[in-house]
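The structure appears right after this line, and notes come after that.
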There are 2 protein chains.
Amino acid sequence: MQTNNVTIHDIAAALKIDSSTVSRALNNSPRVTQKTKQRIWAKAQEMGYQRNVLASNLRKNKTNTIGVIIPRISRFFFSSAIEGIEETAFENGYNVIMCQSLEKLERETNLVQTLVANRVDGIILSISMETLDYEHMELARKNGIPTVFFDRHCDIPGNNNVLLNDYQGSFDATDHLVSQGCRNIAHLAGPRDLKLYQNRFNGYKEALEKNGLPFQPDLVIDSNLMEEDGANAAQKILETLPQVDGIFSANDVAAVGAMQFLKGKNIKIPDEIAIVGFSNGPTSSVIDPALTTVDQSGKKMGRLATELLIKQINAKPIPLAPETIILEPTLIQRDSTQKKPTIHPNT
Amino acid sequence: MQTNNVTIHDIAAALKIDSSTVSRALNNSPRVTQKTKQRIWAKAQEMGYQRNVLASNLRKNKTNTIGVIIPRISRFFFSSAIEGIEETAFENGYNVIMCQSLEKLERETNLVQTLVANRVDGIILSISMETLDYEHMELARKNGIPTVFFDRHCDIPGNNNVLLNDYQGSFDATDHLVSQGCRNIAHLAGPRDLKLYQNRFNGYKEALEKNGLPFQPDLVIDSNLMEEDGANAAQKILETLPQVDGIFSANDVAAVGAMQFLKGKNIKIPDEIAIVGFSNGPTSSVIDPALTTVDQSGKKMGRLATELLIKQINAKPIPLAPETIILEPTLIQRDSTQKKPTIHPNT
DNA sequence: CTGTTAGCGCCTTCAG
DNA sequence: CTGAAGGCGCTAACAG
C-alpha cells in the first residue's frame, strides 16, 4: 500500500514550522497570518498533500456523511428521492452512504447499526413494509444522531417527517375516477400497518362516500403491491368482479402490473377500465400515457428531507423541535385526449 | 455529543486485563482463550460497547467501503446496477458510497478525489458522457485503489471492465427490425466519443450491410439520448424522413421519448414504425410492450463489477492482471403477438 | 496466551 | 499569531 504519504508534519518540517500551524492554515483558521497561509498552501499543493479524512474524522468524531436507508433503489420513486438527497448533500459538503433494506426489518436494523457505527452525522429513512415499531432507531437516538423519515413515516411524536398528503392524493384520484364515470372502483391496497397505506385507503373510501357511492369491501384487494400482485389483482377482477370499471392502486408498481395484464387481455385502458396509481409524476414518462398518476415528486421530497436533516445536524447539540413537512400531491393525466364516456347514467 | 463512550479500555479496566487483549478478542483472534473471549464478549455486550469504526479505519488505513460513481441514479439501468453492487458489497461486508456525476467530467473528477480522500478500498465507475481521457483516475491508481469500469468503459489497456457486447446487441436489434420487414431504419445515436455508442453504431451499420440494405447517413440522428432528444428525433422523422419504418435507438430513454411522441401522433408502434432500444430488460416492465429491447441486465453487471473489484481488493498489494468481462445481450420482444407485416415486398 | 509499547494523522487546548 | 503537548480509539509489533 504505497499510499500518498504526505502529512501535515511533512509540510511543517519542509517549512520549519509546527504542524499545528499547518493544520490551522489548511482549515483556513483566522488565527494564522495570510502570508504563512499562502506559504503553507503553496507547499501543500507542491507536495501533493491530501488531508487524511479518516484521522480528521476520528479527531472530530464527525464524518460529514449522511446515511440513507430505503427499501429498494431501483424503484423509480426512491431513485428519484436519492437523486434529490445526493444533490442537496453534495451542495452542503456531505457524502452519502446509501443502503437498501429490501423491505426487511432485520436488514434495516443491521443497517442502522452499521450507520451508527460508521458515525454518520444523520440518517434519512424510509421504513420497510415489515417495520411496525421503532426500537431499532433507539440506537441512533441514544447516540444523538438526528433522523428524518420520509414517505413512509413514523407517526409516533417527536420525529422529523417529510411526507406526501396521501389522504388527499387518494381522495383526488378516486374522485377523478368517479368524474370519469366509474361507479365500481377497486382499490389495490398496501399493508394496512403502514400509516401511508392506511391514509391512501381512507382517501379512497371517503371519496366514494362523498360521491354517494357505496363502499364495497370486496373491491379492496390487499397485497404488497409488487408488479405481480397488480397482475394477480387484475386477474381476480376479470374473473370474479366483472362490475369493476375503475382501479385505484396505492402504488405505481402494482398499477403497471395490473395495466399490463389487462392490456394483454385486450381490455382498453382507460376506456373499459380506468386506472390511477401513485407514482413519481412528471419525470416518469415511461409510465404508459393511459395511466393517470398522483405525483409523488420523489426528488423534491429527497431535497426537503436532506435540508431538514442538515438543519438538525447543525443545531446540535441542542436539538431543534422536530418538524413534519407535508407535500400536497398533484393529479397528472397523461393522456387528456381520452375521456372515459359516462357509461353509467345512474346516480 | 453524548456519544456512546464505551471503549476497549473501559471494558479492559472492568475486567482488569489489557485493552489489546480485548481488541484481539473482539476481532476473534485465535490467540485468545475461548474462556476470556467469552468473558470479554459478555462484558462488551453488557456495557453496550460499539467498535469505533473511525479509529479502526485510521489504524488499518482501510475503510471496507466501495465508492461508486455513475452518471445518474434515477436512470433505471443504473439504479438496477447499484442494486446489484449494493447487494454484492453487503454480502461481502463492504459499505457503498454512491455518487452521481450528472454526466459532468468536472463533477466526476471531484468525486474521484473525494473517494480517494475518504480512503475507499475500491471504485466502480461508469464514466460521464464528457469523459474523454482518464487523467483524473491517475489519483486512484497512484494510491493503489483498484477500479472497475462498467457499461461505459475505458478502452485503454490495463483496466478492469464489465461490459455488454454492444456491437452484437445492436446487430441483433437491427437484424430483428429487418426481419420484421423494415427497410429504412433510422438510428438514434449517442456521442461517438464513447466507445459504447461507437460499437452500437457499428452493429447497426453492419447489420444493414449484411442484409443487403444501404447505409443511409441521413438516417442517423445524433444526440445525448435524453427523452427530449428522442421526441425531437421522432418529429424530424415524421417531418422530413417519411420513408423511415423502423428505429433503432442506442438507449431506452430516447426510445421511449420517440415512442411517446409517435403514439401522440397516432402512429401505430410497431406496425407503422417499429422501435428497438437498449434497455434494462426483464425487470423493466414499465417499458411499453410494443417496444422491443436489448437487455442490458444492469443488476447482473453490477454484481459482476463488484465481484471483480473485491477480487482485486483482496489481491492487494500484488495487483491481479486486469480483466474484461463481456456480457452477451438478449433481445426481448415484449409483445410477440404483434408482427409487423412485410409491407415492403422488394428485396 | 497475554501485556507492553508505540503510533495511525489530525485537531485543540494551553502557553508563550 | 505560533509552538508544544496530548489524545481521539484502535491495532500491531514485540516481548514475555
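Values below: every heavy atom of this structure, side chains too, minus hydrogens, waters and symmetry copies. Letters A, B, ... mirror the listed sequences (proteins, then strands); counts begin at 1.
- Close to C/dT2, at under 4.0 Å from its OP1 or OP2, lies a side-chain N or O of B/T36.
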Indicate every side-chain donor-acceptor pair of residues 93-100 of chain A with a distance under 3.5 Å to a residue at least two apart or in another chain.
from   : atom 1 : to    : atom 2 : distance (Å)
A/Q100 : OE1    : A/I73 : N      : 3.1
A/Q100 : NE2    : B/E86 : OE1    : 3.4

Side chains of residues 29-36 of chain A: which donor-acceptor pairs under 3.5 Å do they make with residues two or more places apart or in other chains?
from  : atom 1 : to    : atom 2 : distance (Å)
A/S29 : OG     : A/R31 : N      : 3.0
A/T36 : OG1    : A/T33 : O      : 3.0

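- When the P atom of C/dC1 is taken as reference, atom CD of B/Q38 falls 14 Å away, rounded to whole Å.
- Listed by chain and residue number, nothing satisfies the salt bridge (Lys or Arg N to Asp or Glu O under 4.0 Å) test with A/E135 (two or more places apart in sequence, or in another chain).
- Contact annotation: A/S23 side-chain N/O to C/dC10 OP1/OP2 distance is not under 4.0 Å.
- A donor-acceptor pair shorter than 3.5 Å can be found between the side chains of A/N27 and A/R51.
- Per the geometry, CG belonging to B/N52 stands 9 Å off P belonging to D/dT11, to the nearest Å.
- No donor-acceptor pair closer than 3.5 Å links the side chain of A/S128 to the backbone N or O of A/P71.
- The NZ-P distance, from A/K60 to C/dT12, rounds to 7 Å in whole Å.
- In this structure, A/K37 atom NZ and D/dT2 atom C1' are separated by 14 Å, rounded to whole Å.
- For B/I40 and C/dC1, the CD1 to C1' distance is 12 Å, given to the nearest whole Å.
- When rounded to the nearest whole Å, the span between CG of B/L54 and P of C/dC10 equals 15 Å.
- Residues forming a salt bridge (Lys or Arg N to Asp or Glu O under 4.0 Å) with A/E106 (at least two apart in sequence, or on another chain): none.
- As rounded to whole Å, 14 Å separates atom C1' of D/dA12 from atom CG of B/N61.
- Residue-to-nucleotide proximity on DNA chain D shows that, of A/A55 and B/S56, the 5′-proximal contact is made by A/A55.
- Residue pairs meeting the ring-ring contact (aromatic ring centres under 6.0 Å, His included) criterion with at least one member in residues 6-39 of chain B: none, sequence neighbours excluded.
- Here B/R72 pairs with A/E83 under the salt bridge (Lys or Arg N to Asp or Glu O under 4.0 Å) rule; sequence neighbours left out.
- B/L58 has its CG atom 12 Å from the P atom of D/dC10, to the nearest Å.
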Got a list of protein N/O to nucleotides 13-16 of chain D N/O distances below 3.5 Å?
from   : atom 1 : to    : atom 2 : distance (Å)
D/dA13 : N6     : B/R24 : NH1    : 3.4

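- Residues of residues 11-18 of chain B having a heavy atom closer than 4.0 Å to DNA chain C, listed by number: B/I17, B/D18.
- Using a 4.0 Å heavy-atom cutoff across all strands shown, A/N27 reaches sugar-phosphate atoms only and no base atom.
- Annotation: salt bridge (Lys or Arg N to Asp or Glu O under 4.0 Å) contacts of A/K37 (sequence neighbours excluded): none.
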